[in-house]
A.B. asks: 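My questions will all concern the structure given below.
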Amino acid sequence: MIRVRFAPSPTGYLHIGSARTFIFNWLFARRNGGTMILRIDDTDLERNTEESLQSIRDGLKWLGLGWDERYRQSERLDLHRAMAQDILAKGLAYRDFTPLLSGGGTMNASVAEKFNPDYRQLGTEESDRRASAGEAFVIRYRVPRGTGKSVRFTDLVYGEQEKALDDIEDFALLRSNGAPTYHLASCADDADLRISHIIRGQDHLTNTFKHLLVFRAAGVEPPQFAHLPLLLAPDGSKLSKRNHGIAVSIKTYEDKGIIREAFINFMCLLGWSPKDDREVLSLKELEELFSFKGVNRSNAIVNFTAQLPLDAKAVALNAEHLRLLTVEDLAARLLPFARQDWPEARLEKILQITPLIRERIKLLQGIQSAGDFFFAAELAPYESSELIPKKGDAALALRVLQQARETLATADFTHDGLDAALRGAAETLGIKAGQMFEPIRVAACGRKTAPPLFGTLEVLGRETCLKRIGQAITKLQTETTI
RNA sequence: GGCGCUAUCGUCUAACGGUUAGGACAGAGCCCUCUCAAGGCUUAAAUACGGGUUCGAUUCCCGUUAGCGCUACCA
């Protein structure tokens with residue numbers, strides 16, 4: 001029975017690296033008919049925040065993948081303490097009475113000792129006496145010393161792993177305030193929840209040796225491990241909130257208008273490959289293709305910039321996924337972005353615009369710059385020189401617009417009707433179609449780059465088109481010399 | 001400092017020990033075209049360095065260098 005878990009600790013907003021870990025766990029579970037478990041690892045009472053928990057909830061909700069079971073570590077403290085006591089009772093751990101230093105320990109990592117012999121060798125009676133006298137202590141795992149032995153396991157991604165016992169310090173299981181450490185709580189819960197595969201970031205690769213010792217001490221069969229390469233910033237440093245800001249938050253992707261399908265696709269391509277040349281993959285395809293054989297071992301850089309906090313490849317994949325949506329689906333997702341700029345925007349209008357802009361936007365946010373003239377009552381100011389077509393002058397522009405006003409007053413206001421009418425008008429004037437269309441486009445949209453003309457005019461409607469052309473004519477007459 | 005992991009175009013990546021080292025994004029150019037896109041075509045761009053093993057190393061081994069991780073009563 002395959003059981004996997006995603007275990008975030010609520011000490012910051014949902015990081016894209018965490019999101020990727022969730023995705024890989026989910027994919028592995030779904031691929032193999034397993035169970036996906038969400039476990040909030042909130043044993044660090046000092047650093048947990050409600051905002052962080054909410055950010056994780058929001059992020060996972062946006063991802064939309066879901067889970068089958070859900071737990072909170074802070075509700076399972078008895079289980080953790082019981083395991084610590086069990087290990088202590090077996091003599092595999094001991095009490096360390098070293099006082100907790102304010103400021104966080106000795107800070108001299110370069111000469112860090114693996115253990116303090118004073119307490120490691122303290123007799124059981126003496127230890128019990130001091131504990132019952134109320135002296136504070138931390139429970140440490142007693143790593144066997146001088147045996148020449150090592151701990152080993154086979155990682156599903158990194159292969160054979162081995163570490164000498166003598167290189168592992170006597171790590172803490174239970175803090176002096178009675179709270180379990182991450183190592184203890186994690187192992188106790190993984191054992192209790194019968195987790196079969198632990199899929200997590202490579203930053204835990206060396207912690208795994210400790211975890212194996214805990215599982216062994218508790219007398220439980222350890223799960224399988226699969227570690228994932230880490231995500232790095234463009235300069236090769238670890239992704240961090242402090243140094244990279246919003247670029248590490250999943251919310252940034254949502255806010256910019258990356259759709260979940262594209263985000264999941266992009267995350268999978270960071271550190272995993274289907275091994276053929278396919279890159280645009282649906283969730284269903286990812287589910288069918290995912291395996292640890294495709295996960296590679298070197299860290300991947302998320303190539304965001306100061307201008308755009310998203311990797312250009314994520315944006316490109318998003319553009320592909322946008323085109324895969326139906327018009328109705330895309331329009332519905334575009335609506336909230338349109339309403340950020342035009343609160344009155346209606347779905348009906350967006351449905352008309354969507355086919356015109358779907359191949360011209362890469363992010364949902366793109367509707368704000370690509371579709372402004374559809375929503376704005378009055379066009380943003382533009383230079384009258386914009387109205388003048390290539391190889392033409394103001395006089396030509398004026399003639400074109402006057403002809404257009406006449407033609408459009410009676411033309412059939414459909415794509416094909418406008419096509420025929422405006423090409424006919426160009427012929428009447430004896431000019432190229434392009435020269436005819438350009439002034440009309442600028443008059444209608446307020447700029448030279450816009451969606452194809454006929455569809456655009458159709459959506460704008462006769463009234464708006466005539467009004468804007470009239471304004472352009474006035475503009476030409478007052479701002480240029482003809 | 002100790003221990004561990006990793007190293008292919010700028011970035012993400014592919015390549016049973018035998019390939020002109022492939023694809024994608026980003027870049028450049030051309031075509032198409034009512035502008036912009038989209039699409040098509042073309043182009044530039046990589047095996048960190050040094051030793052082995054082998055008829056033959058991107059691939060296996062060792063070393064160097066670099067990056068990352070762990071080395072907390074954080075996770």
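Residue numbering restarts at 1 for every chain, and letters A, B, ... go by the order of the sequence lines. What's counted below: heavy atoms across the whole structure, side chains too, no hydrogens, waters or symmetry copies.
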A.B. asks: Determine whether a donor-acceptor pair (one donor, one acceptor, N or O, separation below 3.5 Å) exists between the side chain of A:Arg297 and the base of B:C5.
C.D. replies: no
A.B. asks: Would you tell me if any nitrogen or oxygen in the side chain of A:Gln161 comes within less than 4.0 Å of OP1 or OP2 on B:C5?
C.D. replies: yes
A.B. asks: Side chain of A:Ile301, heavy atoms from C-beta onward: which of B:U11, B:U6, B:U71 has the nearest atom to it?
C.D. replies: B:U11
A.B. asks: State which of B:C34, B:C5, B:G69 makes the closest approach to the side chain of A:Leu205.
C.D. replies: B:C5
A.B. asks: Between A:Pro229 and A:Phe209, name the one whose nearest nucleotide on RNA chain B is closer to the 5' end.
C.D. replies: A:Phe209
A.B. asks: Dump the intermediate steps for salt bridge (charged side-chain N to carboxylate O under 4.0 Å, His left out) on A:Asp192 and A:Arg76, then the final yes or no.
C.D. replies: CA-CA 10 Å; A:Asp192 184 66; A:Arg76 302 163 59 82; 2.7 Å; yes
A.B. asks: Does NZ or CZ of A:Arg130 fall inside the cone over A:Phe97's six-membered ring, less than 6.0 Å from its centre and within 45° of the axis?
C.D. replies: yes
A.B. asks: So which nucleotide from B:C73, B:A7, B:C68 ends up closest to the side chain of A:Ser298?
C.D. replies: B:A7
A.B. asks: Between B:C25 and B:C9, how far apart are the two C1' atoms, rounded to whole Å?
C.D. replies: 12 Å
A.B. asks: Locate the shortest heavy-atom distance separating A:His80 from A:Leu184; write the atom from each residue and the value.
C.D. replies: O-CD1, 3.2 Å
A.B. asks: Checking contacts here: which listed nucleotide (B:U71, B:A75, B:A26) is nearest the side-chain heavy atoms of A:Lys210?
C.D. replies: B:U71
A.B. asks: Starting from P on B:C73, measure out to CG on A:Leu77 and report it in whole angstrom.
C.D. replies: 19 Å
A.B. asks: Distance criterion of 3.5 Å, no angle test: do you see the side chain of A:Lys275 paired donor-to-acceptor with the base of B:A14?
C.D. replies: no
A.B. asks: Taking any heavy-atom pair under 4.0 Å as a contact, classify A:Asp276: base, sugar-phosphate, or nothing.
C.D. replies: nothing
A.B. asks: Base, sugar-phosphate, or nothing for A:His183, non-hydrogen atoms under 4.0 angstrom?
C.D. replies: base
A.B. asks: Between atom CG in A:Leu53 and atom P in B:A75, what is the gap in whole Å?
C.D. replies: 16 Å
A.B. asks: Strictly by modelled atom types, are A:Thr98 and A:Asp96 linked by a side-chain donor-acceptor pair under 3.5 Å?
C.D. replies: yes
A.B. asks: How close or far is atom C1' of B:U35 from atom CZ of A:Arg360, stated in whole angstroms?
C.D. replies: 10 Å
A.B. asks: Suppose you measure atom P in B:G1 against the same atom in B:U58; what distance do you get, rounded to whole Å?
C.D. replies: 32 Å
A.B. asks: Return the nucleotide paired to B:G63: Watson-Crick means purine N1 to pyrimidine N3 with N6-O4 or O6-N4, wobble means G-U with N1-O2 and O6-N3, both under 3.5 Å.
C.D. replies: B:C49
A.B. asks: Can you tell me how far P in B:C32 sits from the matching atom in B:C12, rounded to whole Å?
C.D. replies: 37 Å
A.B. asks: Once you apply a heavy-atom cut-off of 4.0 Å, does A:Lys448 come out as touching a base, just sugar-phosphate, or nothing?
C.D. replies: base
A.B. asks: If pairing requires Watson-Crick or G-U wobble contacts with both distances under 3.5 Å, which nucleotide is the partner of B:G4?
C.D. replies: B:C68
A.B. asks: Does A:Lys390 place a side-chain N or O at less than 4.0 Å from the phosphate oxygens OP1/OP2 of B:C34?
C.D. replies: no
A.B. asks: Does any donor-acceptor pair link the side chain of A:Asp203 with the base of B:A75 at a separation under 3.5 Å?
C.D. replies: no
A.B. asks: Name the nucleic acid region contacted by A:Leu270, choosing base, sugar-phosphate or nothing; use a 4.0 angstrom heavy-atom cut-off, strictly under.
C.D. replies: sugar-phosphate
A.B. asks: Considering only the P atoms, how many Å lie between B:C61 and B:G18, rounded to the nearest integer?
C.D. replies: 16 Å
A.B. asks: Just the rounded figure in Å: distance from P of B:G22 to CD of A:Glu279.
C.D. replies: 16 Å
A.B. asks: Quick check for you: among B:C36, B:G69, B:G39, whose closest atom lies nearest to any side-chain atom of A:Arg323?
C.D. replies: B:G39
A.B. asks: Work out how far the C1' atom of B:A46 is from that of B:A26, and round it to whole angstrom.
C.D. replies: 16 Å
A.B. asks: Mind checking the P distance from B:A21 to B:A38? Whole angstroms is fine.
C.D. replies: 31 Å
A.B. asks: Look at the side chain of A:Ala312 and decide which nucleotide, out of B:U11, B:G39, B:A26, has an atom nearest to it.
C.D. replies: B:A26
A.B. asks: Rounding to an integer number of angstrom, what distance separates B:A75 and B:C70 when you compare their P atoms?
C.D. replies: 13 Å
A.B. asks: Using a 4.0 Å heavy-atom cut-off, does A:Gly271 contact any base of the nucleic acid, only the sugar-phosphate backbone, or nothing at all?
C.D. replies: sugar-phosphate
A.B. asks: With distance as the sole criterion, is a donor-acceptor pair present between the side chains of A:Tyr94 and A:Asp170 under 3.5 Å?
C.D. replies: yes
A.B. asks: Could you go through the side-chain hydrogen bond (donor to acceptor under 3.5 Å, both in side chains) check for A:His321 and A:Asn318 one step at a time?
C.D. replies: CA-CA 5 Å; A:His321 276 93; A:Asn318 196 57; over 6 Å; no
A.B. asks: Roughly, in whole Å, what's the span from CG in A:Leu228 to P in B:U13?
C.D. replies: 11 Å
A.B. asks: Taking a pair as Watson-Crick or G-U wobble with both distances under 3.5 Å, which nucleotide is matched to B:U43?
C.D. replies: B:G27
A.B. asks: At under 4.0 Å between heavy atoms, what does A:Pro451 touch on the DNA or RNA strands: base, sugar-phosphate, or nothing?
C.D. replies: base
A.B. asks: Under 4.0 Å between a side-chain N or O of A:Arg140 and OP1 or OP2 of B:C73?
C.D. replies: yes
A.B. asks: Would A:Arg39 pass as a cation-pi partner of A:Tyr71, given that its NZ or CZ must be under 6.0 Å from the six-membered ring centre and within 45 degrees of the axis?
C.D. replies: no
A.B. asks: Does B:A38 have a Watson-Crick or wobble partner in any strand here, with both distances under 3.5 angstrom, and which is it?
C.D. replies: none
A.B. asks: Toward the 5' end of RNA chain B, which comes first, A:Lys313 or A:Asn299, by nearest nucleotide?
C.D. replies: A:Lys313
A.B. asks: Categorize A:Arg278 for me: base, sugar-phosphate, or nothing, with a 4.0 angstrom heavy-atom threshold over every strand shown.
C.D. replies: nothing
A.B. asks: Quick one, A:Glu162 with A:Arg152, criterion salt bridge (charged side-chain N to carboxylate O under 4.0 Å, His left out). Give me CA distance, side-chain angles, the key distance, then yes/no.
C.D. replies: CA-CA 4 Å; A:Glu162 177 176 2; A:Arg152 59 187 71 200; 2.9 Å; yes
A.B. asks: Both distances under 3.5 Å, Watson-Crick or G-U wobble: report the partner of B:G17, or none.
C.D. replies: none
A.B. asks: Would you say the ring centroid of A:Phe437 lies under 6.0 angstrom from that of A:Phe454?
C.D. replies: yes
A.B. asks: Taking only side-chain nitrogens and oxygens of A:Thr43, does any of them come within less than 4.0 Å of OP1 or OP2 of B:A75?
C.D. replies: yes
A.B. asks: What nucleic acid atoms does A:Pro452 come within less than 4.0 Å of, heavy atoms only: base, sugar-phosphate, or nothing?
C.D. replies: base
A.B. asks: Would you mind telling me which of B:U13, B:C73, B:G4 lies closest to the side-chain atoms of A:Ala300?
C.D. replies: B:U13
A.B. asks: What is the separation between atom CD1 on A:Ile16 and atom P on B:C12, rounded to the nearest whole Å?
C.D. replies: 13 Å
A.B. asks: Measure the acute angle between the ring planes of A:Phe225 and A:His227, then classify it against the limits of 30° and 60° as parallel, tilted or perpendicular.
C.D. replies: parallel
A.B. asks: Between atom CD1 in A:Ile367 and atom P in B:C36, what is the gap in whole Å?
C.D. replies: 22 Å
A.B. asks: Whether the side chain of A:Ser176 and the base of B:C73 hold a donor-acceptor pair under 3.5 Å is what I'd like checked.
C.D. replies: yes
A.B. asks: Report yes if at least one side-chain N or O of A:Arg423 is closer than 4.0 Å to OP1 or OP2 of B:C34; otherwise report no.
C.D. replies: yes
A.B. asks: Of the listed nucleotides (B:A26, B:C73, B:C3), which one gets closest to any side-chain atom of A:Asp167?
C.D. replies: B:C3
A.B. asks: Could you state the atom-to-atom distance from CZ of A:Phe266 to C1' of B:A26 in whole Å?
C.D. replies: 12 Å
A.B. asks: Write down the distance separating the C1' atoms in B:G10 and B:A44, rounded off to the nearest Å.
C.D. replies: 12 Å
A.B. asks: Need one value for A:Asn303: base, sugar-phosphate or nothing, where a base atom within 4.0 Å counts as base even if backbone is also close, heavy atoms only.
C.D. replies: sugar-phosphate
